[in-house]
Amino acid sequence: MRNTAAKKEMAIAHAAAGATKTGAARSAGCSRRTLYRWLDADLDFLMEFHAAWTAGAQRRSYLCWLNHPFRGLRPPTGKGTRSRPRFSR
């Protein structure tokens with residue numbers, strides 16, 4: 001027997017911590033498609049997950065910035081070799 005209530009709570013907790021929807025689903029032990037099914041079927045879960053998703057938006061934005069490959073570099077100058085722009089410090 002599956003314990004979906006515990007899985008839903010875990011997904012909500014990870015969404016509030018800044019996880020993506022895929023990450024929240026993985027942490028709950030289900031697929032992203034199952035998470036979307038839960039969101040479509042259960043209005044209470046949708047409201048709770050949306051509140052958690054909104055609360056974790058700033059953390060997700062920070063993690064995206066932190067893991068970006070060009071973090072700390074200026075925008076390309078357009079003077080690269082061939083089709084690759086040059087990034088400078």
Side-chain angles (χ1 to χ4, degrees):
M1 182 172 172
R2 294 177 260 176
N3 191 356
T4 57
K7 288 183 178 185
K8 286 180 180 182
E9 290 300 320
M10 189 176 289
I12 289 171
H14 278 56
T20 61
K21 289 182 182 175
T22 303
R26 281 186 189 156
S27 68
C30 65
S31 68
R32 184 172 48 103
R33 184 172 173 90
T34 301
L35 179 69
Y36 279 108
R37 276 194 218 124
W38 291 344
L39 291 171
D40 288 339
D42 189 1
L43 184 60
D44 292 333
F45 176 67
L46 174 66
M47 299 302 287
E48 288 181 39
F49 190 83
H50 180 70
W53 180 255
T54 305
Q58 187 173 4
R59 174 110 172 115
R60 266 190 315 282
S61 176
Y62 170 72
L63 290 174
C64 182
W65 171 82
L66 186 67
N67 296 325
H68 195 277
F70 300 129
R71 181 174 57 94
L73 301 178
R74 290 188 291 208
T77 59
K79 299 177 183 174
T81 58
R82 291 181 255 150
S83 62
R84 294 184 349 204
R86 182 181 68 197
F87 288 85
S88 58
R89 294 192 184 271

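To the nearest 0.5 Å, atoms CZ (R26) and OG1 (T20) are separated by 7.5 Å. In this structure, the separation between CZ on R37 and CG on D42 is 14.5 Å, given to the nearest 0.5 Å. Note that NE2 of H50 and CD1 of I12 are 13.0 Å apart. Values are rounded to the nearest 0.5 Å. Taking CG of L43 as the reference point, atom CD of E48 lies at 10.5 Å (rounded to 0.5 Å).
The heavy-atom pair separating R60 from W53 by the smallest distance is NH2-O, 2.8 Å. Contact detail for S31 and A25: the closest heavy-atom pair is O-CB, 3.6 Å. Considering all non-hydrogen atoms of both residues, L46 and L39 come closest at CB-O, 3.8 Å. In plain terms, the two heavy atoms of A11 and L35 that are nearest each other are CB-CD1, 4.2 Å.
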I would like to know whether T34 and K7 meet side chain to side chain contact (heavy atoms under 4.5 Å, CB included); could you show each step before the answer? CA-CA 11 Å; T34 301; K7 288 183 178 185; over 6 Å; no
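Looking at S61, its side chain never comes within 3.5 Å of a backbone N or O of A57 through a donor-acceptor pair.
Put simply, M10 and F49 are part of two different groups of oily side chains (I, L, V, M, F, W, Y) that touch within less than 4.5 Å, one to the next.
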